[in-house]
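The sequence lines fix the lettering, A, B, ..., with proteins before strands; numbering per chain opens at 1.
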Protein chains: 2
Amino acid sequence: MSDNTDLKLFFEPRGIALVGARHSPGFGYGIPLTLKEQGWGGRLFLVNPRGGELHGFPLYPTLADVPGPVDLAVVIVPAAQVPRVMEEVGERGIRHVVLESAGFAEVGEEGRALQQRVWEVAERYGIRVIGPNCVGLVNTANLLTTVEILPESLVPGNVSIIAQSGVFGNILLDMLYQYSLYISKAVTLGNRMDVDENEVLDYLHRDTDTRVIMMYLEGARNGRLLKETLRRVARDKPVLVLKSGRTREGRSATASHTGSMSGEDRLYDAAFEQSGAMRMDSLESLVESARVFATQPLPRGNRLGIVTGSGSLGVMATDAAVSSGLVVEPLSREAVEKVKRDAPAFINIRNPLDLGPTAIFQTGLRALLEDPDIDMVLGITIIPYAVVKEMAPLGITPAVWFGDIAAVREEYPDKPLVVCVVGNAGFVEEIRRISGPRVPVFVSPEPAARALASLHTHARRLGAG
Amino acid sequence: MSDNTDLKLFFEPRGIALVGARHSPGFGYGIPLTLKEQGWGGRLFLVNPRGGELHGFPLYPTLADVPGPVDLAVVIVPAAQVPRVMEEVGERGIRHVVLESAGFAEVGEEGRALQQRVWEVAERYGIRVIGPNCVGLVNTANLLTTVEILPESLVPGNVSIIAQSGVFGNILLDMLYQYSLYISKAVTLGNRMDVDENEVLDYLHRDTDTRVIMMYLEGARNGRLLKETLRRVARDKPVLVLKSGRTREGRSATASHTGSMSGEDRLYDAAFEQSGAMRMDSLESLVESARVFATQPLPRGNRLGIVTGSGSLGVMATDAAVSSGLVVEPLSREAVEKVKRDAPAFINIRNPLDLGPTAIFQTGLRALLEDPDIDMVLGITIIPYAVVKEMAPLGITPAVWFGDIAAVREEYPDKPLVVCVVGNAGFVEEIRRISGPRVPVFVSPEPAARALASLHTHARRLGAG
């Protein structure tokens, strides 16, 4: 559709016109407020035929009345009015539209016809469209958002999101910061009348702020094209895909939800594997893996070293790691010697390295990070909480017990390092603090091991691990 | 060992003697303090040969000096002193010992010999021993704890714990309340010189406060006996077992950790399945399933009904449910009619029932709970958080949006009901509140579906589902 192939103006418009601003609760009320709070006031123009004022902005009766440079229109009027609004958009010389309105192809025959009419207008003017039936996009670099989200979700990060579903994309934005996952760009595709996952993948491929791409799909718009795109993108940036409809029942629910036929699941499996994308089998593993991909270097092999304060949790991590394709092999002689220097005699120096309630966690952690026979490290920071509380008045805080894990991360930047802590919430918080922003902290051993395994799988596919 | 086969006095002693009380940080300092805080002051007697005073208690030089009735001795002296202390225990007429000291069979040949000497003393006097190398037990009914834990972990509940490892048992106690799991009894077994998992299982089988048993094992003391015991117990109470050492590497780490040989994993698989115990493959699933077993009735079949505010999350839940052995089948005609009465025309009334951003969640939830073709229900309560915030000033809180889920639980007590919410932490908290203590709230769809599936598997094995 037109030669207007760069999505840049979607993400970096000089000005935004919002058509469908209104005084009652809903997108037309909340989005302008969010944009105002994020500093877009001077570059935001609201349209409502009844005129008046909203959030201190004048309401322009039509797009033609809007002054100033506008590169992006956000359209949230009832579906039936969209063809007319698109004409106005075209006349006003705007070439990028986020079309949030629902009631198109997803609701049946009549909606499909309406969507076709909108498409024809867009085609005639060369307008690029994201949507309909979506919540548009986010760019944390300039605090642009066409989604009502909280400021916490706009803290800039290196993870970008492509979500087919608007609601689900919104929910992801609501929750990811709680897992210390911060966003660069996010796009919800909706019905994909025009812009689809392939174009966004290519855009994010070029985007220097994006390190990892998380993608939620119910069905590809074009399976073969997606495979080609992924092959190009995943070579440089990890693409973590949650493709739902793994089961027949799930596919049937998908068809009802977005009208997209999701096809045979094993074809997707093959396509993702061959193209180098990482398929995630659950929302949990999507989030867990993204945390590790966003912060850790690629491992050079599959040899995991585990240092733990609890033998049991070390065994659980070992089980999960080995089941996911990692190996837990003996430590090098050098590593054993390093630990032996500090360790009480009762410590059995092996992998997993169970240090029990000794205070030599840092010794163990460094020995594994320096060990040439170890490719990645999992630190399990365990002390019963009553002991934490009792030792604190003596100055023996978790930071003393486990050392400055964030600093260790900086000292050994070449190996993946993740932490697992199980216990009281206060203790978990303290471990998060000493681990810093570049060490993901998991609250159960298995997700930590699985996420490291997926990092290794990615490295292996690239020929790096 | 003796005919003293009831473990009752371990859990309900008239008085406790703690041998190894001390002024420096550690169990000997922290446990008496914890017991004092829990109201055991008048029934607690501390022993330390140097005399003096601790936490306001007199320190008796020997057990012989301790006045008052004592049924339980908690021993936390260095390993070498334990044989002598056991003689004192025997002479004092105490027949129950929690032996927390480490340095026995778990540290090699010499320790094994020492443990044998302790065993001989116990045998001679007919003393029952939990341990060594453990942290003993908890009974929330009388606030007895030989573990240093926080008051939050002593809120009475209906879940009981058997853990082979002391540290891990302690950690479980530290963390479970955060998942709304509350304890009746907990026992950490350690080296199992005497009391083992079989006796504790039988005790918890009879214990009217215990509804669900969570067990962490690295290896059975006697595989055949365990299978027989489980067959007896699991018929009446669900036993959720996390048996680590699923992989060869995990088993090897286990051997190093507790000295127990954990044997071929597939034998355990078979034993658990044949005996009706539920094997959990991770710490996460142990906790997730316990939450559902502790609060939900057994389903009569495997037909899951899903009502959701997000189509995507409905599809993910469907995928996970079907992959775990549940079915997601069409709703009955009656259920469809009930929903149709309230639903806007664009709602596709099927299973999963995607209600989008309508306010008829309660209608959907009740229709599924009343549907004779549905055996269990998953409610996915989703609204973007910005909408939550925007609607709140209009009085439309999550409680209005989703209704009183806790009340619905009471109204339809015969079907399992769990809730999944994904989103902002504040919203999650609000959903927890309206769901009440008898509806587990999950923060991802897959664990919710998996936990319901394990509930159904248990029911099926009992011939109930």
Q: What part of B:Asn170 gets within 4.5 angstrom of chain A, counting heavy atoms only: side chain, backbone, both, or neither?
A: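 Contact with chain A: side chain only.
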Q: Determine whether A:Leu242 and B:Met316 satisfy the following criterion, side-chain contact (heavy atoms from CB on, under 4.5 Å), listing intermediate values before the conclusion.
A: CA-CA 9 Å; A:Leu242 180 56; B:Met316 289 175 218; 3.8 Å; yes
Q: So which of B:Gly314, B:Gly108, B:Ala102, B:Pro447 has the biggest tally of heavy-atom pairs under 4.5 Å with chain A?
A: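 Greatest number of close heavy-atom pairs with chain A: B:Pro447.
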Q: Quick one: what part of B:Val422 sits under 4.5 Å from any heavy atom of chain A, side chain, backbone, both or neither?
A: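 Answer is both: backbone and side chain atoms of B:Val422 are under 4.5 Å from chain A.
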Q: Could you pull out the closest heavy-atom pair between B:Tyr385 and A:Leu150, with the gap in Å?
A: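 Taking every non-hydrogen atom into account, CD2-CD1, 2.9 Å.
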Q: CD1 of A:Ile171 to CD1 of B:Ile383: how many Å apart, nearest 0.5 Å?
A: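 Output value for this atom pair is 8.5 Å.
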Q: From A:Gln164 CD over to B:Ser312 OG, what is the distance, rounded to the nearest 0.5 angstrom?
A: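 Separation between the atoms: 7.5 Å.
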Q: Taking all non-hydrogen atoms of both residues, which atom of B:Ala253 and which atom of A:Arg350 are closest, and how far apart?
A: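 That closest heavy-atom pairing would be CA-NH1, 3.5 Å.
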Q: Name the residue from A:Leu286, A:Val287, A:Leu283 that meets the side-chain contact (heavy atoms from CB on, under 4.5 Å) definition with B:Ser444.
A: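 For B:Ser444, the side-chain contact (heavy atoms from CB on, under 4.5 Å) test succeeds with only one of A:Leu286, A:Val287, A:Leu283, which is A:Leu283.
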Q: With a 4.5 angstrom heavy-atom cut-off, is it the side chain or the backbone of B:Tyr179 that approaches chain A, or both, or neither?
A: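 Only the side chain of B:Tyr179 comes within 4.5 Å of chain A.
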Q: Under 4.5 Å, heavy atom to heavy atom, which residues of residues 317-324 of chain A contact chain B?
A: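 A:Thr318, A:Asp319, A:Ala320, A:Val322, A:Ser323 fall under the 4.5 Å cut-off.
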Q: Please list, chain by chain and in numerical order, all residues satisfying ring-ring contact (aromatic ring centres under 6.0 Å, His included) with B:His55, sequence neighbours excluded.
A: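 Result, ring-ring contact (aromatic ring centres under 6.0 Å, His included) vs B:His55: B:Tyr29.
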Q: Quick one: do A:Glu284 and B:Glu284 satisfy side-chain contact (heavy atoms from CB on, under 4.5 Å)? Show the steps, please.
A: CA-CA 12 Å; A:Glu284 302 162 279; B:Glu284 302 161 281; 4.1 Å; yes
Q: Testing the basics here: between B:Pro25 and A:Met391, what is the closest heavy-atom pair and its distance to 0.1 Å?
A: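 Of all heavy-atom pairs spanning B:Pro25 and A:Met391, the closest is CB-SD, 3.7 Å.
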Q: Can you see which heavy atom on A:Glu249 is nearest to which on B:Val328, and at what distance?
A: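 Smallest interatomic distance, heavy atoms only, reads CG-O, 4.0 Å.
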Q: For B:Met175 versus A:Gly423, what's the shortest heavy-atom pair and its separation?
A: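 Scanning both residues, the minimum pair turns out to be CB-O, 3.6 Å.
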Q: Hey, could you give me the CD1/CG distance between B:Ile382 and A:Asp174, rounded to the nearest 0.5 Å?
A: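 Answer for the CD1-CG pair, B:Ile382 versus A:Asp174, is 9.0 Å.
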Q: What are the two closest non-hydrogen atoms of A:Val315 and B:Gly245, and how far apart are they?
A: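 Shortest heavy-atom contact: CG1-N, 3.6 Å.
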Q: Please report the C-alpha distance between A:Glu446 and B:Ser285 in whole Å, then the side-chain angles of each, then the deciding distance to 0.1 Å, and finally whether the side-chain contact (heavy atoms from CB on, under 4.5 Å) criterion is met.
A: CA-CA 10 Å; A:Glu446 298 90 358; B:Ser285 47; over 6 Å; no
Q: Select one option (side chain, backbone, both, neither) describing which atoms of A:Leu33 are under 4.5 Å from chain B's heavy atoms.
A: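 Interface part for A:Leu33: neither.
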Q: Using heavy-atom distances under 4.5 Å, tell me whether B:Ile306 contacts chain A through its side chain, its backbone, both, or neither.
A: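 For B:Ile306, there is no contact with chain A at all, as no heavy atom is under 4.5 Å.
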Q: Using ring-ring contact (aromatic ring centres under 6.0 Å, His included) as the criterion, list what pairs up with B:Phe168, not counting sequence neighbours.
A: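 Expected list: B:Tyr216.
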Q: For A:Tyr177, what residues pass the ring-ring contact (aromatic ring centres under 6.0 Å, His included) criterion, not counting sequence neighbours?
A: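 None.
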Q: Between B:Gln178 and chain A, which part of the residue has a heavy atom less than 4.5 Å away: side chain, backbone, both or neither?
A: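 Only the side chain of B:Gln178 comes within 4.5 Å of chain A.
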